[in-house]
Every structure is written in C-alpha cells, then in structure tokens.
Amino acid sequence: MLRFPSITRRAKVLALFVFITSGVALAGKEFNLPTPHPAPTYPARDQHSDESVTVAVDPYDMPDKAAIFTTNYADEDMLPVYVIITNDGDETITLSGMKAEFITASRTKIAPATQEDLYRRLSHPKGPKARLPIPIPIPAGRPKGTVSTKAVDEMQRAQFSARAVEPHSTQAGFLFFDISGIDNPLPGAHFFLTGLHNAKGDDLYYFEIALEKYLSAPQPEKPAEPPAK
C-alpha cells in the first residue's frame, strides 16, 4: 500500500493552523454598538408628527444580524431588539420614565430584561434565584456559574441607557426580551413604549409598533458573489 506521509503532515499542519487562527479571531471579536439611522428610516416605526418624535425597532432575530454580539443570545432565549428614538423637535425629550413592553400574538406581555436578569440567564446559576447586586460586579476569573468580563461589558454597553433625546438628534440601544417557550415571537407581536415626556413634563402619546412591519419589509440585497474562476 502506498503512503503519503508528507501530505498527511501538511494536512495536519494546515488543520492545526485553521483551528488556531479561528480561535484567535473568535477571542479577538469585540462588540460594537450599531450606529443608528434616523428612526423614520426604519420599516417598523411609529411616527408622531405632532410631537416631532419617532420610535423605531429593529429586532436582531437573524444569525447574520446577531453576529455583532459575542454572546449567542438566541441560545439563551433572549431576543435583542434595537430601539431607536429620534427627536425632530426643538425641545429635549426625557426618557427617565420610559417603559417598554413586547406583546406577543397570544397577548403575552414581556418586559425588557434587566442587567440582573441577563446576568442570571447567562451565568446559569443553580438553586434558588439570588438577588444580584447593582451595579453587577465584573468577575475576575471564570469560576463556574459566572459570566465572562467580555460578556458583562457587552451586556452593559448594548442596553439602551439614554436618559434624554436632545433636539434634532437620535438615541438608540438594545432591549432584551425573554422569549422562553415562544417558538416564533415576531408574527402578530407589538412593541409598546410609554413614559416619554416633553420639556414641560407632559406625557407623550404612547408608541405602538406592529412587528409585521419589520417582517414584511423588503430585505436588503446581499452583494453578488464573484464569478467562480
């Protein structure tokens, strides 16, 4: 039987190189919060022309979109929703009383996960749910039942944290919704946002966005692949 030792060695070296470089690339991946466009440019939006405020949502439900995260939130039954608020008026809009709610087609109401909720879900602790301190401490190592420093940093940077929207500007960030036990959460679902106030302290009318607007929007065309040589 013929043997090809040199080919076998080259194949092993190549496989080892691919494995190492893939691991380095994954370890070096960093989360970058997307730069928001004005809310009126998103398909799923509610525009209040009389109040000069538009709220839009962009679910990160597909693997290609969710790839911006280093944490696989889909595996944790968490749906990241990018929330964009644009203020086209001349006065500041305050968000300190902002409350969001995701309501499924079956009328299940889901509030956004807190940092405590996310930390608990990602750490998979066993036994009774213990209340975690806020702010969440960043673990020094990776003992069992803890979350990596990178995951905690990503979690904190990703979540919507703006307290106000200045005139003629946009604020954005992610809200995470626990969709455990819901196979297909977007069809028929609605997103509600309340608690926004104008400069006088008056409540803005509530925002309601049907997620069907997102699902029915034309998908951006992917760049054509180069012809095979």
Minimum-distance pair of heavy atoms, taken over all atoms of Ser180 and Arg121: OG-NH1, 3.5 Å

Parallel, tilted or perpendicular: which fits the ring planes of Tyr82 and Tyr60, with parallel below 30° and perpendicular above 60°? perpendicular

Grab the two heavy atoms, one from Ala39 and one from Ala56, that are nearest each other, plus how far apart they are. O-CB, 3.5 Å

Step by step, work out the side chain to side chain donor-acceptor pair (under 3.5 Å) result for Thr71 and Glu76. CA-CA 9 Å; Thr71 300; Glu76 308 298 337; over 6 Å; no

Which atom pair, heavy atoms only, marks the closest approach of Pro38 to Thr41? O-OG1, 2.6 Å

Between Asp117 and Asp178, is the side chain to side chain contact (heavy atoms under 4.5 Å, CB included) condition met? List the steps. CA-CA 9 Å; Asp117 295 330; Asp178 185 348; over 6 Å; no

I'd like to know if the side chain of Tyr42 and the backbone of His37 have a donor-acceptor N/O pair within less than 3.5 Å. yes

Out of the candidates Thr54, Thr35, Thr86, only one should pair with Thr170 under the side chain to side chain donor-acceptor pair (under 3.5 Å) rule; please name it. Thr86

Beyond-backbone contact of Leu95 with Ile85, side-chain heavy atoms, under 4.5 angstrom: yes

So which heavy atom on Ile68 is nearest to which on Pro34, and how close? CD1-CG, 3.8 Å

Give every donor-acceptor pair under 3.5 Å between a side-chain atom in residues 199-212 and any protein atom, sequence neighbours left out.
| from | atom 1 | to | atom 2 | distance (Å) |
| --- | --- | --- | --- | --- |
| Asp203 | OD1 | His197 | NE2 | 2.4 |
| Glu212 | OE2 | Gly188 | N | 2.9 |

What's the separation between atom CD in Glu101 and atom OG1 in Thr108, rounded to the nearest 0.5 Å? 10.5 Å

For the residue pair Glu154 and Glu30, establish whether any side-chain heavy-atom pair is separated by less than 4.5 Å. no

For Pro187 against Ala105, the heavy-atom pair lying closest together: O-CB, 3.5 Å

Is the shortest heavy-atom distance from the side chain of Leu79 to the side chain of Leu186 under 4.5 Å? yes

Would you say the side chain of Gln171 lies within less than 4.5 Å of the side chain of Val83, judging by non-hydrogen atoms? no

Yes or no on side chain to side chain contact (heavy atoms under 4.5 Å, CB included) for Val57 and Tyr214, after CA distance, side-chain angles and deciding distance? CA-CA 8 Å; Val57 294; Tyr214 164 76; over 6 Å; no

Are Glu166 and Asn87 close enough, and set up right, to give a side chain to side chain contact (heavy atoms under 4.5 Å, CB included), and what steps lead you there? CA-CA 7 Å; Glu166 299 297 326; Asn87 176 12; 5.9 Å; no

Does a side chain donor of either Thr94 or Ser96 reach within less than 3.5 Å of an acceptor in the other side chain? no

Is there a chain of hydrophobic side chains (I, L, V, M, F, W, Y, each step under 4.5 Å between heavy atoms) that links Met78 to Ile182? no

How close do Ala164 and Thr92 get, counting heavy atoms only, and between which atoms? CB-CG2, 3.8 Å

Would you kindly confirm whether Val81 and Phe69 end up in one hydrophobic cluster when ILVMFWY residues are joined by side chain heavy atoms under 4.5 Å apart? no

Lys/Arg-Asp/Glu bridge criterion (N-O < 4.0 Å) met for Arg120, Glu116: yes

Relative to each other, are the rings of Tyr73 and Phe176 parallel, tilted or perpendicular (30° and 60° limits)? tilted

Hydrophobic clustering (ILVMFWY, side-chain heavy atoms < 4.5 Å, transitive) - are Ile110 and Leu118 grouped together? no

Side chains of Phe177 and Phe191: does their closest heavy-atom pair fall under 4.5 Å? yes

CA sep, side-chain torsions, deciding dist, call: Leu196, Glu51, side chain to side chain contact (heavy atoms under 4.5 Å, CB included): CA-CA 11 Å; Leu196 279 64; Glu51 296 173 322; over 6 Å; no

With clusters defined by side-chain heavy atoms of hydrophobic residues (ILVMFWY) lying less than 4.5 Å apart, directly or transitively, does Ile103 cluster with Leu215? no

Do the side chain of Asp153 and the main chain of Arg157 share a donor and acceptor less than 3.5 angstrom apart? no

Quick check against the 3.5 Å criterion: does His190 have a side-chain atom that pairs as donor or acceptor with the backbone of Phe102? no

Within a reach of under 6.0 Å around NZ of Lys65, are more than 12 heavy atoms found that belong to other residues, nucleotides or ligands? yes

Beyond-backbone contact of Gln156 with Gln115, side-chain heavy atoms, under 4.5 angstrom: yes

Shared ILVMFWY cluster between Leu175 and Ile179, side chains joined below 4.5 angstrom? yes

Pairwise distance NE2(His168) to OG(Ser52) - rounded to 0.5 angstrom: 8.0 Å

